[in-house]
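One structure is given here, and the rest of the page talks about it.
No hydrogens, no waters, no symmetry mates; every other heavy atom, side chains included, goes into these values. Whatever order the structure lists them in is the order used to number ligands and atoms, beginning at 1. Throughout, residue positions are numbered sequentially from 1 according to the sequence presented.
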Amino acid sequence: MTKSDCIFCKLANGEIPTRSIYEDEDFNVILDMNPATKGHALILPKQHADNLYDLPDDVAAKILPLAKKLATKLTETLKADGFNLVQNNKECAGQTVNHFHLHLIPRYENDGQRILWNPTTPSAEELDATLNTIKGN
Ligand code: 5GP
Ligand code: ZN
């Protein structure tokens, strides 16, 4: 299903023209209009899902093989030196468009970009507490 007020539904399904680098029955992959680097693209499912939590398993299962294929192609054609996959969910995590998308970001030596976090230094007890919370102990 698509959502009538969703820009990525319209881009994914060709209702708004865009620079598509790949298309199949489930996905459209388009160039990001404000790329981090040359070749920065977005894998868009044609079917609307707000984010990863909302993504059907059968769609999710197809995304990493597609990302691998396109990362390989972009790296070869653009002579990239490395690659980031980035995927943001919810506002606090940097999601600005509420239609699931996976960023494909070719990286180049000295491209000046930084896709990293600030490492923290929890104690062993804090790490154990986190582990126990996740495991439900
Ligand atoms: P987010 O921050 O939600 O993970 O990423 C949204 C991305 O979508 C941004 O990198 C932004 O540049 C891109 N974007 C937003 N609107 C459009 C659009 O209309 N067309 C294209 N090609 N990219 C868009
Ligand atoms: Zn949508």
**Prompt:** So is there a nitrogen or oxygen of N88 less than 3.5 Å from a nitrogen or oxygen in ligand 1?
**Reply:** yes
**Asked** For ligand 1, which atoms sit closer than 4.0 Å to a heavy atom of N34?
**Response** 12 (O)
**Prompt:** Which word best sums up how the rings of H40 and H103 line up, parallel for under 30°, tilted for 30 to 60°, or perpendicular for over 60°?
**Reply:** tilted
**Request:** Kindly give the heavy-atom pair with the smallest separation between P106 and L78, and that separation in Å.
**Result:** CG-CD1, 4.3 Å
**Asked** Within a strict 4.5 Å, meaning less than it, do heavy atoms of the L66 and V29 side chains meet?
**Response** yes
**Request:** Indicate yes or no for a side-chain donor-acceptor contact from E76 to the backbone of K73 under 3.5 Å, with no hydrogens or angles considered.
**Result:** no
**Nearest non-hydrogen protein atom, atom 2 (O) of ligand 1** = G94 O, 2.8 Å
**Item:** Minimum non-hydrogen distance to atom 7 (C) of ligand 1, winning option of L11, L102, D32, V97
**Value:** D32
**Request:** Using a strict 4.0 Å threshold on nitrogen-to-oxygen distance, state whether K46 and E23 make a salt bridge.
**Result:** yes
**Request:** Please confirm whether I7 comes within less than 3.5 Å of ligand 1 when only nitrogen or oxygen atoms on both sides are compared.
**Result:** no
**Prompt:** Ignoring water, what protein N, O or S atoms are under 2.8 Å from the Zn ion (ligand 2)?
**Reply:** C6 SG, C9 SG, H48 ND1, H99 ND1
**Complete:** Under 4.0 Å between heavy atoms, the region of L31 that gets near ligand 1 turns out to be backbone
**Asked** Quick one: nearest non-hydrogen protein atom to atom 3 (O) of ligand 1, plus distance?
**Response** T96 N, 2.7 Å
**Item:** Q95 side chain vs D50 backbone, donor-acceptor pair below 3.5 Å
**Value:** yes
**Asked** Does the side chain of S20 pick up a donor-acceptor pair with the side chain of N28 at under 3.5 Å?
**Response** yes
**Asked** With a 4.0 Å cut-off, would you call R107 and D81 a salt bridge?
**Response** no
**Request:** For I30, take its heavy atoms, then give the atoms of ligand 1 lying under 4.0 Å from any of them.
**Result:** 22 (N)
**Prompt:** Identify the closest protein heavy atom to atom 18 (C) of ligand 1: which residue and atom is it, and at what distance?
**Reply:** M33 SD, 3.5 Å
**Message:** Below a 4.0 angstrom heavy-atom separation, can you tell me which part of H103, side chain or backbone, both or neither, approaches ligand 1?
**Reply:** side chain
**Message:** Tell me the protein heavy atom at minimum distance from atom 1 (P) of ligand 1, and give that distance in Å.
**Reply:** H101 NE2, 3.1 Å
**Message:** Set out, in order, the CA-CA distance, both residues' side-chain angles and the distance that settles side-chain hydrogen bond (donor to acceptor under 3.5 Å, both in side chains) for Y108 and N110, then state yes or no.
**Reply:** CA-CA 6 Å; Y108 306 89; N110 305 314; over 6 Å; no
**Asked** Any side-chain donor-acceptor pair under 3.5 Å between N89 and N51?
**Response** no
**Item:** Side chain, backbone, both or neither: the part of F8 lying under 4.0 Å from ligand 1 by heavy atom
**Value:** side chain
**Item:** Within-4.5 Å side-chain heavy-atom neighbours: I105 and L85
**Value:** no
**Message:** Within the 4.0 Å heavy-atom shell around L42, which atoms of ligand 1 are there?
**Reply:** 8 (O)
**Message:** Can you tell me if D57 has over 12 outside heavy atoms packed within less than 6.0 Å of its CG?
**Reply:** no
